[in-house]
Amino acid sequence: MFTLHSNFKPTGDQPTAIAGLENGIKQGLKNQVLLGVTGSGKTFTMANIIRDLNIPTLIISHNKTLAGQLYQEFREFFPDNAVSYFVSYYDYYQPEAYIASSDTYIEKEAEINELIDKLRLQASTNIMTRRDVVVVASVSCIYNIGSPAEYGKFTSRIQIGEPADWTYIGKRLIELLYSRSEFDFKRGTYRIRGNYMDIYPAYEDFAWRVYSEAGKVSKLVKFEPLTGRETEVASEKDKKTAFDFIMIYPAKHYLMDPAIFKPTEQKIRQDLHEEYEALKKMNRIVEAERLLRRTNYDLEMIKEIGYVNGIENYSRYFDGRKPGDKPYSLLDYFKEAYGDDFLVFIDESHMTMPQIRGMFNGDHARKKMLIDFGFRLQAAYDNRPLRFEEFYQIPPKLVYVSATPNEWEIEQAHESAKGTMQKKDSPGSRSGVDAHPDEKYNGVVEQLIRPTGIIDPKIEVRPAKDEIQDLIKEVEMRAKRGEKILVTTLTKKTAEDLTDYLKERNVKAEYLHSDILTLERSNILENLRKGNYDVLIGVNLLREGLDLPEVYLVAILDADREGFLRSRTSLIQTMGRAARNVSGEVIMYADKITGSMKEAIDEINRRREYQTEYNKKHNITPKTVFKPIREKIIDQAEELIISDRVDVQYTPDVLTKIHADGMTAFDKTKMVKKLEREMKKQADQMNFELAIAIRNKITELKD
């Protein structure tokens with residue numbers, strides 16, 4: 001059961017939108033559109049629908065920054081339910097590739113963010129174990145992650161009163177791709193200490209301690225790995241505990257049942273022999289020998305340790321799929337767990353749907369080169385993202401959410417609504433009982449009114465000739481008043497250079513683009529809200545969905561450069577970032593009014609007129625949005641221990657969260673080295689009070 005926590009109730013045209021979409025979902029409409037302006041509370045509308053219908057939900061966003069923001073919002077709305085985050089877990093990813101023209105093989109190189117990996121595993125585990133699930137995902141959710149049926153089979157149940165055989169339990173954990181680690185206790189590991197075993201699930205923030213007495217499991221303890229503090233205890237003596245067993249799920253998505261390895265290996269070797277001989281017949285001896293050597297190596301690794309880097313390229317065999325069959329994705333986990341009783345929201349659908357359409361072709365082209373030149377078996381083709389038609393068939397109910405939906409989404413919504421009307425008029429229908437109650441409903445609901453009464457921003461067009469100098473004057477003037485500014489450029493280089501130039505003029509500026517680490521993007525946005533920056537400069541990440549009430553001005557450089565970044569849709573979305581503040585304004589720098597600019601300005605003016613009339617009719621005085629700064633996706637105290645890549649600010653509050661209790665010797669040594677580096681850094685910057693506080697923490701850890 002979903003419990004929505006909010007101090008607000010639906011207002012404006014939110015109630016109409018909620019009722020319309022809920023009725024459409026109940027009547028089985030495949031496609032609907034929520035056309036909602038920036039700041040109209042589309043996320044709140046989605047949350048109300050999830051609560052009212054009590055339905056498991058997948059929300060797909062087109063980039064990690066927006067997915068992170070949505071995850072935080074839904075985590076606030078549903079703190080008692082299973083809200084999960086599923087995005088690509090790479091901080092850096094260079095896919096395996098081959099460039100024939102220069103005979104260059106590029107090995108797969110990836111830097112996995114284990115915190116995001118934890119959240120991915122948590123999402124799949126939640127889906128398989130409960131119904132009150134909301135998963136916020138990026139488009140990576142359409143990629144192959146292995147069979148949900150196989151994932152569900154790989155579990156280890158540990159129950160009070162059963163034999164405490166550490167050898168057997170350890171062997172089972174290794175089959176689930178956990179590893180034994182006596183000193184570096186982290187997610188996906190276990191350790192044995194005399195009469196108890198510690199297990200740190202790969203998908204949780206806590207660990208389990210299993211006690212043995214007289215050869216049986218006598219007690220189960222849930223504890224914090226960082227501090228060692230016990231949070232829940234279940235024992236054979238205490239009959240009032242809420243649980244008497246724990247279930248451990250796999251540490252990775254790709255698994256292989258040892259029982260099926262032999263027949264699977266035979267099939268792989270059969271295909272290897274056929275493809276090897278085919279290459280030799282084409283007189284491609286080098287490619288044939290390369291394929292034989294690489295595949296044999298992979299098979300030996302899988303046989304010995306159950307895993308190999310690139311095991312996903314053999315997933316078709318392990319999943320029992322035929323050549324060309326669609327892979328298993330996160331959507332299949334929803335299908336496996338809930339059948340047709342789940343909902344999919346496509347957030348910022350005008351961007352997300354084209355991404356979903358384009359994923360397959362790019363992946364296929366890269367794989368073709370690898371297969372043609374003997375680096376992979378043809379089975380690698382089937383380790384891929386879903387084709388669009390495969391994706392489209394899985395969700396039983398789709399709602400496209402955007403301020404600027406594409407024509408295709410609107411057409412699909414119209415077709416679904418038309419089908420409902422035909423169903424109403426069909427012989428045997430009971431006076432429209434089976435149809436949407438609104439006979440004029442076309443599958444699209446508009447949400448143009450903001451709960452705060454704020455109307456869309458005023459737009460001013462200025463010459464592009466001296467745009468940088470004019471922008472700097474505007475920025476400096478507003479920064480003195482404490483107003484926040486967003487600036488969108490056409491290139492990353494321009495964003496970085498402009499940021500450096502503003503910093504030289506003592507303006508607190510930062511840039512935001514795709515090279516920034518996933519979790520750091522959310523931190524940069526948070527720091528803008530806190531006042532650490534006055535100006536945020538970006539290319540394409542300052543468009544959809546960013547919730548920044550402190551922004552007074554959005555400046556669009558080179559607005560008359562027709563193209564993707566300056567299309568009607570992009571301009572409307574970018575201008576919407578100034579619609580959270582009563583004093584929001586937009587400056588477009590252009591020497592001419594392009595067709596895209598005219599269409600965007602006309603649409604904003606149409607909405608302004610509608611919103612102004614609504615406010616007059618209902619005596620509404622617009623008010624700037626005030627929102628608390630949300631918790632980070634990953635708690636900073638956890639970042640301290642686990643990730644060397646995260647730029648942590650060692651404030652006194654953060655230092656108090658670091659405790660020696662519960663740390664292994666390895667963790668303490670690692671932390672002391674980090675703190676010593678930070679102490680020297682703070683001393684060099686003459687922050688002596690903080691340096692002393694860090695020194696005291698180092699002494700505490702050493703003692």
Salt bridge (charged side-chain N to carboxylate O under 4.0 Å, His left out) partners for Glu476, two or more places apart
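Partners of Glu476 by the salt bridge (charged side-chain N to carboxylate O under 4.0 Å, His left out) criterion, ordered by chain and then number, come out as Arg505.
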Asp497: which residues meet the salt bridge (charged side-chain N to carboxylate O under 4.0 Å, His left out) condition with it, sequence neighbours left out?
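Asp497 satisfies salt bridge (charged side-chain N to carboxylate O under 4.0 Å, His left out) with Lys493 once adjacent residues are dropped.
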For [X] and [Y], work out which heavy atoms get closest and say how close.
{"X": "Asn63", "Y": "Leu66", "result": "OD1-N, 2.8 Å"}
{"X": "Thr491", "Y": "Thr489", "result": "O-OG1, 3.0 Å"}
{"X": "Tyr589", "Y": "Pro463", "result": "CD2-O, 3.6 Å"}
{"X": "Ile449", "Y": "Ser40", "result": "O-CB, 3.7 Å"}
{"X": "Thr488", "Y": "Arg566", "result": "O-NH2, 3.3 Å"}
{"X": "Leu490", "Y": "Val539", "result": "O-CG1, 3.8 Å"}

Would you check if [X] and [Y] make a side-chain contact, meaning some heavy-atom pair closer than 4.5 Å?
{"X": "Thr452", "Y": "Thr624", "result": "no"}
{"X": "Gln573", "Y": "Glu348", "result": "yes"}
{"X": "Thr57", "Y": "Phe345", "result": "yes"}
{"X": "Glu585", "Y": "Pro457", "result": "no"}
{"X": "Ser61", "Y": "Ser138", "result": "no"}
{"X": "Glu510", "Y": "Ile537", "result": "no"}
{"X": "Tyr400", "Y": "Pro405", "result": "no"}
{"X": "Leu571", "Y": "Ile556", "result": "yes"}

Hey, is the main chain of [Y] close enough, under 3.5 Å, to the side chain of [X] for a donor-acceptor pair?
{"X": "Lys42", "Y": "Val37", "result": "yes"}
{"X": "Gln355", "Y": "His62", "result": "yes"}
{"X": "Gln447", "Y": "Gly36", "result": "no"}
{"X": "Asp534", "Y": "Ala509", "result": "no"}

Just to verify, what does [X] make a ring pair (Phe, Tyr, Trp, His ring centres under 6.0 Å) with, not counting sequence neighbours?
{"X": "Tyr501", "result": "none"}
{"X": "His5", "result": "none"}
{"X": "Phe44", "result": "Phe77"}

Residue pair Val139, Thr352: steps toward the side chain to side chain contact (heavy atoms under 4.5 Å, CB included) verdict:
CA-CA 7 Å; Val139 178; Thr352 307; 4.0 Å; yes
What I want to check is whether the side chains of Ser567 and Thr569 have a donor and an acceptor closer together than 3.5 Å.
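Distance-only check fails for Ser567 and Thr569.
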With distance as the sole criterion, is a donor-acceptor pair present between the side chains of Ser84 and Asn126 under 3.5 Å?
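Yes, a side-chain donor-acceptor pair sits under 3.5 Å.
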Run the ring-ring contact (aromatic ring centres under 6.0 Å, His included) check on Phe206 and Phe223 step by step: do they pass?
CA-CA 6 Å; Phe206 58 83; Phe223 70 97; 9.2 Å; no
Sequence-distant partners of Glu483, side chain to side chain contact (heavy atoms under 4.5 Å, CB included), two or more places apart:
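For Glu483, the residues satisfying side chain to side chain contact (heavy atoms under 4.5 Å, CB included) (neighbours in sequence not counted) are Arg478, Arg481, Tyr552.
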Is it true that, when you exclude Arg130 itself, more than 12 heavy atoms of the residues, nucleotides or ligands shown sit nearer than 6.0 Å to its CZ?
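Correct, the count exceeds 12.
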Under the 6.0 Å and 45° cation-pi test, does Arg51 pair with Phe2?
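No, Arg51 does not lie over the aromatic ring of Phe2.
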Do Lys508 and Tyr533 meet the cation-pi criteria used here (NZ or CZ under 6.0 Å from the six-membered ring centre, within 45° of the axis)?
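Output no; distance or angle outside limits.
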Answer yes when [X] and [Y] have at least one side-chain N-carboxylate O distance shorter than 4.0 Å, and no when they do not.
{"X": "Glu550", "Y": "Lys484", "result": "no"}
{"X": "Lys702", "Y": "Glu676", "result": "yes"}
{"X": "Glu224", "Y": "Arg229", "result": "yes"}
{"X": "Glu603", "Y": "Arg607", "result": "yes"}
{"X": "Asp456", "Y": "Arg450", "result": "yes"}
{"X": "Arg75", "Y": "Glu73", "result": "no"}
{"X": "Arg187", "Y": "Asp205", "result": "yes"}

Test log, rule side chain to side chain contact (heavy atoms under 4.5 Å, CB included), inputs Glu446 and Asp13
CA-CA 8 Å; Glu446 283 196 343; Asp13 46 9; 5.6 Å; no
Evaluate Val445 against Leu35 for side chain to side chain contact (heavy atoms under 4.5 Å, CB included), listing each step before the verdict.
CA-CA 6 Å; Val445 297; Leu35 192 163; over 6 Å; no
Spatial distance of atom CD1 (Ile485) from atom CG (Leu536) [nearest 0.5 Å]
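Between Ile485 CD1 and Leu536 CG, I get 10.5 Å after rounding to 0.5 Å.
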Rounded to the nearest 0.5 Å, what separation is found between the CE atom of Met597 and the CZ atom of Arg568?
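Reported value, rounded in 0.5 Å steps: 14.5 Å.
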Please test Lys465 against Glu467 for salt bridge (Lys or Arg N to Asp or Glu O under 4.0 Å), starting from the C-alpha separation and ending with a verdict.
CA-CA 6 Å; Lys465 183 180 178 182; Glu467 59 182 5; over 6 Å; no
Give the C-alpha distance, both sets of side-chain angles, the deciding distance and a yes or no for side chain to side chain contact (heavy atoms under 4.5 Å, CB included) between Ile59 and Val134.
CA-CA 8 Å; Ile59 302 164; Val134 175; 3.8 Å; yes
